[in-house]
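For reference, the structure is listed below as structure tokens.
Chain letters run A, B, ... following the sequence lines, proteins first and then strands; every chain starts at 1.
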Protein chains: 2
Amino acid sequence: MSRRIQILRRATEVFERQGVNRTSIEDIANAVGIKREAIYYYFKSRADILLKIILPQSTSLVMGLGAIINSNLPAEQKLEAAIRNHLDRFNPNYLEMTVALREDHFLEDESKAAELRGVWNEYTHLWTRLIEEGQEHGIFKPGLDARMVANGILGMCNWMSRWYDPGKSIPIDKILEIFFTMVAHGIVDPAAAASRPAAPKKPARARKAAPKD
Amino acid sequence: MSRRIQILRRATEVFERQGVNRTSIEDIANAVGIKREAIYYYFKSRADILLKIILPQSTSLVMGLGAIINSNLPAEQKLEAAIRNHLDRFNPNYLEMTVALREDHFLEDESKAAELRGVWNEYTHLWTRLIEEGQEHGIFKPGLDARMVANGILGMCNWMSRWYDPGKSIPIDKILEIFFTMVAHGIVDPAAAASRPAAPKKPARARKAAPKD
DNA sequence: TAGGATTTTTACGGCCCTGTAAAAAATTCC
DNA sequence: GGAATTTTTTACAGGGCCGTAAAAATCCTA
């Protein structure tokens, strides 16, 4: 394995363990077993290392989603596949995702930060389209702001970077099942709802505001 | 307004704008209009300031949820109220939440970090109980791991710290409505589902694994 | 308005991290 | 096995931020 790759691997581990902002180049060098300055032979800064870790992972994520959207699966299965595409990246072998998502603002170089931001914007945009298309086909409920739905789903998935522990937590498959059920059909049991007053299509109104309606 | 409070307010703003780890005590002092060292008269470190900002906000969040759980609302309304309790903290006037959630690992002092972690653990635990009780009452679907459901909802809400822009984004009420609908009833239109093959209670099986069943 | 308490500033020492450049070591290739 | 290339180390200069302690300024209050 080339030294360059080795550095990226070790760096990922250290970033994941200590957090990016509390990791110096020396920490990475120690993990590899070389002097700090040797790192500069391969990368020009810590931000550079970080980008090399995150960017491929992010673009692959986007491409995966793109393929799903372009498939001819029904909307509901696209939704499931899209969530899986995202969750699979938290696979024990891939720490990149946790590193990429746990913190923010770590790229001091604005042009690099912009590049990464662009990828994520595209990803969010694709998700929004997936929702919109489902609505247009009459599969998903109309009236829900697609962008916000996308934000919600992404939040659900991305937040895993804060609590998911590859060794200890539930297997990814199980999480996928739960998240998909939640988003697609909700956690309220329709059987129970049927026997009660009436299942409102819209949620109960806000209690604080809205004097009228 | 006491200088102490003033420092906390400005610090919150700067933290929110630049991110915690890229903010020095000097930055805060500049925002207040005093010399860096004067800060030490009121706080012993940056971590101290941070904790004073986050801890009250977090405990108030927990207490709000506690009150909702102890109320005698039906489970579904508890769920909505709990989401609202959380989302309301992203109110334009309160930047604490974004600061608290945007990054991680910022407390170098382990005892302080543990204190904060404890509060959040309690919060997650309460959420889990809310879900469990709903299941026990037959309102929520059985079989979904309550802890994971809680993680999902919290992720959805917490991730707002990454994209919600008080001035620009949709009003909180609207987001609440969408998020609640998603979690409670899902985004799949039941009307459409009725006319199709058959609405499966469980999500379609994973396509990769599971050779049997 | 003088004396005491509070608040802010000046002065200073120290640690850690960054990044460049040149020398040394290791390797690869005839 | 010796020269050329690649890789690693040594040497060094600089900057940023931290936190303490003592002095100065400001604010009360009697």
Side-chain angles (χ1 to χ4, degrees), chain A residues 1-55 99 102-113 115-116, chain B residues 1-55 99 102-113 115-116:
Chain A
M1 175 173 46
S2 93
R3 169 87 358 139
R4 188 189 165 77
I5 304 279
Q6 189 189 9
I7 292 174
L8 286 177
R9 285 232 209 297
R10 295 306 179 113
T12 307
E13 292 167 10
V14 181
F15 283 154
E16 139 82 14
R17 185 161 8 100
Q18 309 188 341
V20 173
N21 54 50
R22 305 190 64 186
T23 300
S24 68
I25 295 189
E26 182 143 30
D27 292 332
I28 298 170
N30 286 343
V32 177
I34 55 179
K35 295 277 174 189
R36 177 181 68 84
E37 289 86 347
I39 301 280
Y40 289 98
Y41 182 75
Y42 299 93
F43 303 94
K44 47 190 276 276
S45 69
R46 192 188 63 160
D48 187 25
I49 299 177
L50 199 49
L51 197 68
K52 293 293 193 316
I53 292 173
I54 293 177
L55 202 52
V99 171
R102 190 122 58 182
E103 297 163 61
D104 205 358
H105 292 287
F106 28 42
L107 292 179
E108 32 271 334
D109 182 342
E110 180 48 36
S111 78
K112 284 178 183 170
E115 189 177 355
L116 192 57
Chain B
M1 177 173 44
S2 94
R3 170 100 337 154
R4 188 189 166 78
I5 304 279
Q6 189 190 9
I7 292 174
L8 286 177
R9 284 232 209 297
R10 295 306 181 114
T12 307
E13 292 167 9
V14 182
F15 283 153
E16 138 82 15
R17 185 160 9 99
Q18 308 188 339
V20 173
N21 54 50
R22 306 190 63 186
T23 300
S24 68
I25 294 189
E26 182 144 30
D27 293 331
I28 298 170
N30 286 343
V32 177
I34 56 179
K35 295 278 174 188
R36 178 181 66 83
E37 289 85 347
I39 300 280
Y40 290 98
Y41 182 76
Y42 299 92
F43 303 94
K44 48 191 275 275
S45 68
R46 193 189 61 160
D48 187 25
I49 298 178
L50 199 50
L51 198 67
K52 294 293 194 317
I53 292 174
I54 293 176
L55 202 53
V99 171
R102 190 122 59 182
E103 298 162 61
D104 204 359
H105 291 287
F106 27 44
L107 292 179
E108 33 270 333
D109 182 343
E110 180 49 35
S111 79
K112 283 178 184 170
E115 188 176 355
L116 192 57

Problem set entry | Residue closer to the 5' end of DNA chain C, B:Ile34 versus A:Arg46 (nearest nucleotide) | B:Ile34

For this session: Mind checking A:Phe43 for me? I need base, sugar-phosphate or nothing, with any heavy atom below 4.0 Å counting as a touch.
Result: nothing

Problem set entry | A:Tyr41 side chain, from C-beta outward: closest of D:dC18, D:dT8, D:dT10 | D:dT8

Problem set entry | Residue-phosphate contact under 4.0 Å: A:Tyr42 side-chain N/O, D:dT8 OP1/OP2 | yes

Problem set entry | Backbone of B:Ser24 reached by a side-chain donor or acceptor of B:Asp27 within 3.5 Å | yes

Exercise. If we only count heavy atoms from C-beta on, is the A:Lys112 to A:Leu50 side-chain gap below 4.5 Å?
Worked result: no

Exercise. Does D:dG19 have OP1 or OP2 sitting under 4.0 Å from an N or O in the side chain of B:Lys44?
Worked result: no

Exercise. Is any side-chain N or O of B:Arg36 under 3.5 Å from a base N or O of D:dG19, one able to act as donor and the other as acceptor?
Worked result: yes

For this session: May I ask you to decide if B:Val20's main-chain N or O and B:Arg102's side chain share a donor-acceptor pair within less than 3.5 Å?
Result: no

Problem set entry | Divergence of helical axes at both termini of the helix from C:dT1-D:dA30 to C:dC30-D:dG1 - five pairs an end, 10° steps | 10°

Problem set entry | Side chain proximity check, B:Leu8 to B:Tyr42, heavy atoms < 4.5 angstrom | no

For this session: Would you check if A:Glu103 and B:Asn21 make a side-chain contact, meaning some heavy-atom pair closer than 4.5 Å?
Result: yes

Seminar exercise, completed: First and last nt of DNA chain C near chain A, cut-off under 4.0 Å to heavy atoms, 5' to 3', are C:dC17 to C:dT20

Exercise. Does the side chain of A:Gln6 pick up a donor-acceptor pair with the side chain of A:Arg9 at under 3.5 Å?
Worked result: no

For this session: With the side chain of B:Ser24 defined as its heavy atoms from C-beta on, choose the nearest nucleotide among D:dT7, D:dC17, D:dG19.
Result: D:dC17

For this session: Starting from C1' on D:dC18, measure out to CG on B:Asp27 and report it in whole angstrom.
Result: 13 Å

